[in-house]
Each structure stands twice: as structure tokens, then as C-alpha cells.
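What you see is a predicted model, and the numbers here were worked out from it, not measured in a lab. Chain naming here is simple, since letters A, B, ... match the order of the sequence lines and numbering starts at 1 in each.
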Protein chains: 2
Amino acid sequence: MELTDRKRKILNAIIRNYLETGEPVGSRTISRYTDLNLSSATIRNEMSDLEEMGYIVQPHTSAGRIPSDKGYRLYVNALVEEKTSQVSAMNTLMIYKTNRMEEILKQVVRLLATRTNYTTMISAPSYKGNKVKFIQLSRLNERQLLTVVVIEGNIIKNHIIDLDESINEEQVLKLNLLLNTRLNGLTLADINLGLISNIKEEAGIHVQVVNDVLDTIAEVIRAETDENMEIYTSGANNIFRYPELADKSRASQLITALEEKSLLADFIKDTEADETDPGTGIKVYIGEEGPVESMKDCSVVTATYDLGDGLQGTIGIIGPKRMDYEKVMHNLNTVKESLNELFRTKKVTDEVTDDEVMPSGPGSQT
Amino acid sequence: MELTDRKRKILNAIIRNYLETGEPVGSRTISRYTDLNLSSATIRNEMSDLEEMGYIVQPHTSAGRIPSDKGYRLYVNALVEEKTSQVSAMNTLMIYKTNRMEEILKQVVRLLATRTNYTTMISAPSYKGNKVKFIQLSRLNERQLLTVVVIEGNIIKNHIIDLDESINEEQVLKLNLLLNTRLNGLTLADINLGLISNIKEEAGIHVQVVNDVLDTIAEVIRAETDENMEIYTSGANNIFRYPELADKSRASQLITALEEKSLLADFIKDTEADETDPGTGIKVYIGEEGPVESMKDCSVVTATYDLGDGLQGTIGIIGPKRMDYEKVMHNLNTVKESLNELFRTKKVTDEVTDDEVMPSGPGSQT
DNA sequence: GTTAGCACTCGATGTATTGGAGTGCTAACA
DNA sequence: TGTTAGCACTCCAATACATCGAGTGCTAAC
């Protein structure tokens, strides 16, 4: 059967109405809603066809119809086409400037949640290059060394090494020089066994330190590429606004998914893997289209943002299938713009970083 | 009216029964449950008294009774007394060793949640001393400096400074020396205006660097004492196990509270402020006793843990008022033991730290 | 002081009944 | 041939009503 223009209009009307009300929509409603001037009976025939084609679904006999995943997909595709051709209304977000990346992300994800009334997530930007840029060893006291490793993209990692034997300033200086000359500009892949044993030889007795520095480098690089992606979420409570997500079992599953960031990471990895999208960089997962089983009652809309220098991450909005896709996509665009804006004007104070507590065991009082 | 021994026993029986079933308990149940050999009628009379005294409450006429906050309080107090006199069964937790404090905390909070079936939280240990221990400036390139500040307790913070004017190695060395000799061993309070202008004078043209280092110090110290406490939670989905917390509005409020770490921080601050507890370090907030309005249907049990060196934090368990206080307190003790254990045996690899991404604006490609 | 007995309350549960929104189908119409 | 009016039918949601049972308070007897 062919999807005539009229059928298309009716389908759109059904979807739009359902987005608003969340209730199944009947033929009579459409008959008045649209400007097609058709009787409800005609609409009924068309709806019957649409159902047969799989665009809409009847929750039970003698209820109205609701869109199927396939129906939503058609609708969203149309939206996307429309969107890309039109210039997105610039409307930057007020992001409070701060030096800590973490703060910015939390702010953004929160803003987005309150603006859209959906649940939101954002992944910290990760850097693809991963070349070692700078290594600094500092002598804290005769048995402790502070290691700081900076890799391209200005990701900083530090570590305190407890030494088995004491070390003096001169030795530290030498090691610094050695490590920097040998390792700068290399990626983890470049640092092979031959190189390592080579360096160890030159380092003489300070093998332990070299080992540790290499571990630290390995850690910083791994942390940025791997599984344990940093993800922030906000507005989890918004799921209770939508009855279709708010019942006990569904809500519980969703809350669990939000807590298990690894599930969210699946969406982000999927988004990042797929570079074939039209250009807006916005991707929509409707229901079962997504990679996460327990979120099959939701739609997820994601977008990648780019801070320049190859530093990029993903923003996502999680809501019911009947979410306001148009609004959501618009908001995602706004956020992308705003983040760009922020980092373009941030030239002056363009550092953001920091670190964490580290407890020192009872053995290390000096 | 006096709380006779018999009334006490009946009250206990009511509470214990209610903890198990979650349903109002009637006189007949108690009449059989206890070994008092009293008829339901007698129990009824006693229950009537207990209600008048405010220990129990009737949800509606002709339902059984449920404990009031006051009733729980009596019960918990008795529990605590009993607990402290008895040696807590040592039963350490399997904590997977890792170098990152964050990982350990996440592990602990998660373990605790799955063990207890309640929602859990843990605050990162914070250090009370806050003396500057070591400052390291490194020249990344002629316009960028890396600042690393270590304070006692080995909390590390770093920062990249973009300079208005170029700087050479020699100048960096001088600044390093200057800052270390002047600031080491001082707390934030010690660093007054006089000292600052003094240092700035000595620093000559590099006022900007001095300012930034001071900012960084201020930030690291503030971050550890202040509001923005790091708190991890787990097992949010567990609230759906308890019907009295699982209805839409309550669940939504709770989820919000868990997301708004600031509310949880209120509990932690309260716990830490109160050093007058019996010695177990365990504190129980029943319903409205807690500082957070939106959690008045919950009980929260907290305990402080101590990693030595004055580094301490708080663990908390959030559940319905009818939570299994005994189990919860026992588990908290176990976790305390385990954390102690972990850091006692961690002497060799006693560092834990790390850091974060920092994007570099498009202006800083070199 | 304790207990048996009884009337009473009130939520929870189950069962009809009804109303309305919606459908599918058929026959008539343009 | 496409459109529409009409009608029988379905099914959910809401309402009302009856019933059950757990629990209470009170009184009178032990």
C-alpha cells in the first residue's frame, strides 16, 4: 500500500495530538483537528490502513490509536530534514564561568533538565590524541615523589610514589630530563617494551620510579579512552512527570540505568561511533532502537559537542517516546552553540582541571 | 502514665512485627506473638495506653497500630545500648584494591547497597588540617605554567595558567623557591593580606602567577572544607522495594534529594558536627528528626569512618522508617572495620589521587 | 487485673451497571 | 470510486453497592 500525502497528514496529526495529550487519539478528534475536512468515517478508513502499514497501533480494540516506533521514526526523520535546512535560532545558554570542567558539565546538564523537563546526561569530553606532553617529578621528601603527567588536550594526572630507597634532588632532576626527552610526544601505542627497557637501563637504580611513571601514563590514557567514561546526569525525577514511565517497575529500571553509567555509556559510544549523521550531529533513538534493553520505553536524543582541539563529548536527553522531539533537538543545538561559544571566548582563562583527595596510610607520617 | 515493663515488651513486639510485615499490627497478633500469655483484650487495653503516650499510632480507626517516630526512637535507643556493650562481629568486606579513592568509595557504597537493600551514600574523606605542603610550578611552554599544590593529607590540585607575558626557566625556578619558602606549612587562615603583598613585591613582575597560585590554594582548601562535598550514592532503585516510599510524589522527592547532593550533605554535616555520640559513631535520624524536609518519611543511619591522619568521612544508609536498624548498624560497623583494615594494610601503596580533563581553548595550540 | 463477648468501624475486595469513546462495516450518496 | 451517515459492537473507566475481615472500644463477668 502506498503512503499517500493524505495519510501522511493524518499520521502527523495523530502523532502531534498524542505528543500533547499522551492519550490514544480517535478518528473524530482528527476529523476536527485537521483542515482536511474529512468525516470521521473517512479518517477511520485511513487509520485502518495506517495501522496495517505499521505506523500506528491500537492499545486495545475500541480505543484510539497511538504511534508505533515506526510511526515516530517517520515523524522524526521529517523533523530532522526540516531542521537541517533551517538555521537554528541562536539563543545561547547562560553558563556561569568556572575553571572546573566538572562544574561546567554539571551546570549544563542541569540547565538542560530544567528547561526540557526530561532527564539529561552529558559525558565529559575526551581527547583522541593522547600524546604525552609533559612529565614532572617532584621530590616531596626523601621517600616520596610526586608525579604529574600532562597529555595533549591538557589532561592532567598525578600520583604520589612511595619509594623503597631515598632519592636526592639531583637524581630527580636527571630522571625528569630522561623521561621528558624519551617520552614526550609519544602515545601509549608508541611506548613499547624495547623503549621501556631502554629507559630503565638509563635510569639505573631508579627502575621503580620509571615503572610508576609509566603506570601513571597508562592510567591517564586508559581513563580517557576506555569504559569508565565520566557521565553526569540530571533531572532523574522528571521521569515521574510521564505516567508511562512512572510505574514502579519501569521507574526502578530507569533509575538503575541512570545509576549504572555503563548503560548510558552505551548510548554515548553508539553516538560517537556513528559519524554518518546528516551534519547536525543529532541522533534519535526511539524505543527499541536504542542499545539498552531496560530503556525500551524511552526515547533518547543525543548530540556530540566539540570544544575544538579534537576534544569532544556527548549530550543526551532521555524521555518518553512521546517527547517533544522538536523542542529537545532545538535545546541540544542551543547547548552545542553555547559550549562552543564558551570555549571560544574562554581564550584567556582556558584552563580547567583538578583532582582528588588521596589518603595517606598511617605509615606515611613524616 | 508510666511505661511499665509489660508495655515495653508489647511495644517492642509491635515494632518488630511491623518491621517485618510493613502492615499495621493488631492486638490478636501480639497476643499470640509474645510469650506474655495475655489475651487480645488485655493487649488492647495496653495498646490504647501506648497510643495515648504517643509511642504508636492508628492510621485509621479499626486498623492495627504502627510505631510513631517516638516509638522507633525508644526502640533504636535500646538497640544502640545493646550494640555498644557487645563486640561487633568482625566480618570484613571484600574491597577490591585500587589506587583511586573515588573507585574505593564507589565500590563501598555499592556493596553496602546490595547487601542491605537500602539506598546508601558516602562522603569522600576530608582533611581538617589543610596546611600547604608543597608547591610546584612547571613551565609547559613560554606562555603556560602548570601549578601543582599539595596540602597535608596529600590532597593534590593542579591548574594551568595562561600567561600574558613569556617566562623563562630561571624565572620559574625563582618563583618556585619563593613560593615554597613563604607558603609551606601555612593554612589558608595564615595567608593574610600582608603576607600576600609581601610575596608579590618579591615576585616582581610575576604578580599574575602569584595570584593564581594563591587562588589555587584557596580553591583546594575550600573544596575540602566547604559545601561542595563529594558524595556518592548507590541503590537509589531500592526505594521501590518499600511501598511507603514508592509512590510517585515521594519517590520523586527522594530521587531529587539524592541528586541534589547538597541535601545529603546536610546529614553528613550534622553527623560530623555531633561528636557527642556514645562511641560507636553511629547516628540514627528517624523521620522528622533529620535535617531534610523532603526525607521525612525515611530514616537515615550514618557513621563516620576514619582513615587515620585525621582524614575522615561519613557513610549513610537511607531507608524507610521501618528499616532493619540492627542489620543496618551492623553493616555500617563492618564497613568501618573494612575501611580501616584496607588503609592499615595499604601502607605500601598508600597513594590515591587523580584528576580531570581540562579543555584548552582554541587559542592555545602551540 | 484479666478476659470473653459483642457491636461497631472502616478499608479492601469483588461484582454489576452504566456511560462514553472508539471501531468496523454496510449501504447510500455524489 | 471515493466519501459519508448510520448502526451495532467492544471495551475501558467510573460508579455504586454488597460483603468480608481485621481490628477496635466497651461492658460485664470472672
Item to check | N-O pairing of B:Glu2 and B:Lys7 below 4.0 Å | outcome: no

Next on the checklist: Rounding to an integer number of Å, can you tell me how far B:Arg6 CZ sits from C:dG1 P?
Outcome noted: 10 Å

Checklist entry - Starting at CD of B:Glu46 and ending at P of D:dG23, how long is that distance when rounded to a whole Å? => result 18 Å

Checklist entry - To the nearest 0.5 Å, what is the distance between CD (B:Gln253) and CG (B:Leu263)? => result 10.5 Å

Checklist entry - Is A:Lys70 positioned over the aromatic face of A:Tyr55, cation under 6.0 angstrom from the ring centre and no more than 45 degrees off axis? => result yes

Checklist entry - Are B:Glu260 and A:Arg110 within salt-bridge range, i.e. N to O under 4.0 Å? => result yes

Item to check | For atom CD of A:Glu2 and atom P of D:dG2, their distance in whole Å | outcome: 13 Å

Checklist outcome for this item: Rounded to whole Å, CD1 of B:Ile43 lies from C1' of C:dA4 at a distance of 15 Å

Next on the checklist: Protein within reach of the bases, or only the backbone? For nucleotides 17-24 of chain C, mark each nucleotide 5' to 3' as B, S or -, using heavy atoms under 4.0 Å.
Outcome noted: -----BBB

Item to check | Overall bend - the helix from C:dG1-D:dC30 to C:dA30-D:dT1, comparing terminal axes fitted on five pairs, nearest 10 degrees | outcome: 20°

Next on the checklist: Taking B:Arg73 first and then B:Glu289, would you say they form a salt bridge - that is, a charged N and a carboxylate O separated by under 4.0 Å?
Outcome noted: yes

Next on the checklist: If the threshold is 4.0 Å, N to carboxylate O, is there a salt bridge linking B:Arg250 and B:Asp247?
Outcome noted: yes

Next on the checklist: Within the structure provided, determine whether A:Pro291 and A:Phe267 are in side-chain contact (heavy-atom separation under 4.5 Å).
Outcome noted: yes

Checklist entry - Rounded to the Å, how far apart are A:Leu36 CG and D:dG2 C1'? => result 15 Å

Next on the checklist: For a quick check under 3.5 Å, do A:Ser249 and A:Ser252 share a side-chain donor-acceptor pair by atom type?
Outcome noted: no

Item to check | Phosphate contact (D:dT3 OP1 or OP2) by A:Thr42 side-chain N/O below 4.0 Å | outcome: no

Item to check | Length of the CG-P vector between B:Asp49 and C:dT2, whole Å | outcome: 11 Å

